[in-house]
Number of protein chains: 2
Amino acid sequence: MQQRIKDILHQGQVGDRVTVKGWVRTKRELKECTFVNVNDGSTLAGLQVVIPNTVAAATPAIKDLTTGAAAEFSGELVRSPGKNQTIELHAQQIHLWGGADPETYPLQKKRHSFEFLRTIGHLRPRTNTLGAVMRVRNACATAIHQFFQERGFLWVHTPIITASDCEGAGELFTVTTLDFTSEGNIDFSQDFFGRRAYLTVSGQLEAEIMATAFTNVYTFGPTFRAENSNTSRHLAEFWMVEPEMAFCDLMGDMELAETFLQFVFRYVLDHCPEDMAFFQERIDHSVMATAEQMASQPFARLSYTEAIQVLEKSGRAFEFPVAWGLDLQSEHERYLAEEYCQRPVIVYDYPAAIKAFYMRLNEDGKTVAAMDVLAPKIGEIIGGSQREERFDVLQERILTQGLDPAPYWWYLDLRRYGSVPHAGFGLGFERLVQFMTGMDNIRDVIPFPRTPGNAEF
Amino acid sequence: MQQRIKDILHQGQVGDRVTVKGWVRTKRELKECTFVNVNDGSTLAGLQVVIPNTVAAATPAIKDLTTGAAAEFSGELVRSPGKNQTIELHAQQIHLWGGADPETYPLQKKRHSFEFLRTIGHLRPRTNTLGAVMRVRNACATAIHQFFQERGFLWVHTPIITASDCEGAGELFTVTTLDFTSEGNIDFSQDFFGRRAYLTVSGQLEAEIMATAFTNVYTFGPTFRAENSNTSRHLAEFWMVEPEMAFCDLMGDMELAETFLQFVFRYVLDHCPEDMAFFQERIDHSVMATAEQMASQPFARLSYTEAIQVLEKSGRAFEFPVAWGLDLQSEHERYLAEEYCQRPVIVYDYPAAIKAFYMRLNEDGKTVAAMDVLAPKIGEIIGGSQREERFDVLQERILTQGLDPAPYWWYLDLRRYGSVPHAGFGLGFERLVQFMTGMDNIRDVIPFPRTPGNAEF
């Protein structure tokens, strides 16, 4: 394999003979030589290539080394007199692989709006910002696997296609092979799976199956919401991380969530310093401080009941009402994290009535062992709970919430046979990357966003 | 977190005080004590727990420590007189978490058919075989990430929902939010994405986008086939690994595929010795030899043209005809790998007419730079190619194959702007796990198989 520009910039020595292959970002023609900045995606910075006029004269293709062109340069590393790099490449041989007509190539060197870049999703990964995002995204993903694997968690692949509408959410995509053009009512018993099937909204219930066999597991895969939300925080298709631990209560769940987030932020700070510096400078001047805080400061903890008291005493005029029993709104979450605690805070023990049926009912009979991790600026980043492991209580909760217990037969079985206290949480992966990078719109932290009206590329 | 049985069995010392939590596999009551075998999923073997009668007498719950029950045992590690283990746990404290009624718990200690186990997908991960499969599956997945990350490849998440029917395959699932009960023709412009959308069959085309920005990338995610195949080798939903490398030709592609498979097999042999020994003993007596061969022997290489000559000269009476221009059938692939080469073999340069439009046309004008890795016993395990990077040739190939070029506008653009030689391959993840473990049916190497008529759990 060829030498990566990242390795050359970090480890290259003056005098090394190297070959680099990549895409031209800029070209400047001076009197004695031509400067070309080449990027191969391995790192934010490009390598400066100096082409002496003698070499240029022998290389007719040099005129086509325009922005976006793919080329290969061989030569010797020399000390750079420039202030932006310590070494540069003196090219002796040049090969143009593929040009990029300056008249039509859409990514000329200038600022492009993120809106415009979304219309050229096949080219935008070649920009500085999307490049940095995708490297940070990869680092986050790697950190997640490393964190869980080091702790003996199994990565389990829960199904994408599911016949259960598990949280009673109406916002599901239907998956079908039926012929739509036929008239009349659709008979789903004739469909591929013999019943109506959907795209999953969460792998949690299946992860619980796996946790009651392997103790500690996690999912990391795509999930879906057919929500008609055109906001900067919603995607129809996004990746989710869901650890699930047997023999674990809410306290253990909160500890894992805190350790987990600290690990991921530290990993990215350690592995992507150039990309993070780029976000700090160009996107959001607070990302480094936020990441450093996430990585190193213990999170605060407040029960929901305490949180309500704090909000009531705050003297703030919130837009949404504050009262025990009402869900926390984004403005409340941000007040708690940013102003009251001035750091990430875990709020736990929420009223049962506003939470899902599977969360464990506390002794008080009115709250459940749920927890949310609230981060400054972003609000909820993780939501989790201890699961109801008592058969009778779970069955009662299903009925209370107006759900049909029949499709839950296997979920109830987990409480019938070898039931254990268990807990887990969910992290929206793109929300994490958005938080990490400071990017405004979640559509710009996933390679090919799916939103209402958008499924191109 | 509690101590894992895997760690206790590997590192526990006589005299250590430990607490284990898990599920009872077997219980034997003798005169002076009771033996309980406990498993927590961290490893194949359970820990033998000895409960003296004095402790048993003080623990009424002991009668409920039946197969499948969840319990917690604290005590001291002692040398085991048994021949199956070197240490065992002398329990001093026992806590029963959840029982499992022996009258109804389906997983009593006896052999169950894999067919039966599929009907209890929520409990089968608790069996020895499925447990071993899922640990090997996790090890394969971890090895895959490690292999690519160490080499600087970015993990890219290509979309699951796609509007392009990329290989012209008809076997697609439709994804929709339309109301099916309405009569008349369906107007997909009113659907969620404003057009008809499908579940992806491959992330390759989008991976090519990413490779032309980051040089080396890989996908690892779910893909789908709405094929009505009720075989032991087909799933409607399966995971696929697809690396894509810019500045790479077919030779580099073959080298990567070989190094990759060797790495994954070595990793699993090193990390799952007990599980692999189990498959060797109980499932297929050749898995260890096969894995060792995959991990250590260089693969053979034959051009398709040579392969046809070999088959023609073999003197074998094959069921399917052998002639230049016809695709290789499973019997041909197995003859080449098992008998002629007696090791994995890469066959390359296939006739253009039997391969996909995006594969690079060779200089001879009649073959393409495609390659398949054929393994003994299993046949094709990897399929890959160098991609056609020449705009005109690609456009011509699209038309020749009767495809509409319009939806490929962005794919063609990759050849218009900064085009480079590039190559990649695809590996069906479940086929790999099946090959590794020797399991007969692919439905038994994925936690929750999706096949025609099956989407339970």
Side-chain angles (χ1 to χ4, degrees), chain A residues 2 4 21 23 40-42 68-70 97-98 100 105 122 125-126 138 141-142 145 149 152 154-157 159-161 163 173-177 180-181 183-186 192-194 197 206 209-210 213-215 222 226 237 239 247 410 413 417-420 447-448 450 452-453 455 457, chain B residues 2 4 21 23 40-42 68-70 97-98 100 105 122 125-126 138 141-142 145 149 152 154-157 159-161 163 173-177 180-181 183-186 192-194 197 206 209-210 213-215 222 226 237 239 247 410 413 417-420 447-448 450 452-453 455 457:
Chain A
Q2 65 269 19
R4 298 193 308 159
K21 302 173 185 183
W23 292 268
D40 66 1
S42 63
W97 283 107
Y105 185 56
H122 61 312
R126 305 181 187 187
N138 175 70
T142 302
H145 279 305
Q149 293 289 331
L154 286 199
W155 183 21
V156 297
H157 298 102
I160 308 303
I161 298 171
F173 287 104
T174 294
V175 174
T176 181
T177 54
F180 295 79
T181 55
E183 297 205 358
N185 285 348
I186 292 285
F192 190 90
F193 297 106
E206 287 92 354
I209 289 176
M210 301 304 273
F214 301 102
T215 308
E237 172 182 325
W239 284 62
F247 304 104
W410 55 264
D413 256 13
Y417 303 120
S419 187
V420 291
F448 307 100
R450 268 50 184 140
F457 310 108
Chain B
Q2 65 269 17
R4 299 194 307 159
K21 302 174 186 182
W23 292 267
D40 66 1
S42 63
W97 283 107
Y105 185 57
H122 61 311
R126 304 180 189 187
N138 175 69
T142 302
H145 279 305
Q149 292 290 332
L154 286 199
W155 184 20
V156 298
H157 297 102
I160 308 303
I161 299 171
F173 288 105
T174 294
V175 174
T176 180
T177 54
F180 296 78
T181 55
E183 298 204 357
N185 286 347
I186 293 284
F192 190 90
F193 297 107
E206 287 92 355
I209 290 175
M210 301 304 274
F214 301 101
T215 307
E237 172 181 325
W239 284 62
F247 304 104
W410 54 265
D413 255 13
Y417 303 119
S419 188
V420 290
F448 307 100
R450 267 51 184 141
F457 311 108

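In what follows, chains carry the letters A, B, and so on, assigned in the order in which the sequence lines appear, proteins first and then strands, with residues in each chain numbered from 1.
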Test item: B/Thr215 side-chain N/O and A/Asp40 main-chain N/O as donor-acceptor pair under 3.5 Å = yes

Ranking A/Val420, A/Asn138, A/Thr142 by heavy-atom pairs under 4.5 Å to chain B gives rank one to A/Asn138

Listed partners of B/Pro159 passing side-chain contact (heavy atoms from CB on, under 4.5 Å), at least two apart = A/Glu237, A/Phe448, A/Arg450, B/Glu206

For chain A, the option from B/Val175, B/Asp413, B/Ile161 that forms the most heavy-atom pairs under 4.5 Å = B/Ile161

When every non-hydrogen atom of B/Ala70 is compared with those of A/Gly418, the smallest separation belongs to CB-O, 3.4 Å

Tell me, side chain or backbone of B/Trp155 under 4.5 Å from chain A's heavy atoms, or both, or neither?
-> both

Cut-off 4.5 Å, heavy atoms of chain A, and the answer for B/Ala197 is neither

Flag the one option from A/Phe192, A/Phe173, A/Trp97 with the top tally of heavy-atom pairs under 4.5 Å to chain B.
-> A/Phe192

Contact leader toward chain A among B/Ala69, B/Gly194, B/Pro447, where contacts are heavy-atom pairs under 4.5 Å | B/Pro447

Between A/His157 and B/Trp239, what is the ring plane arrangement, given parallel below 30°, perpendicular above 60°, and tilted in between?
-> tilted

Look up atom CH2 in A/Trp410 and atom NE2 in B/His122, then write down how far apart they are to the nearest 0.5 Å.
-> 9.0 Å

Side chain, backbone, both or neither: which part of B/Pro222 has a non-hydrogen atom closer than 4.5 Å to chain A?
-> side chain

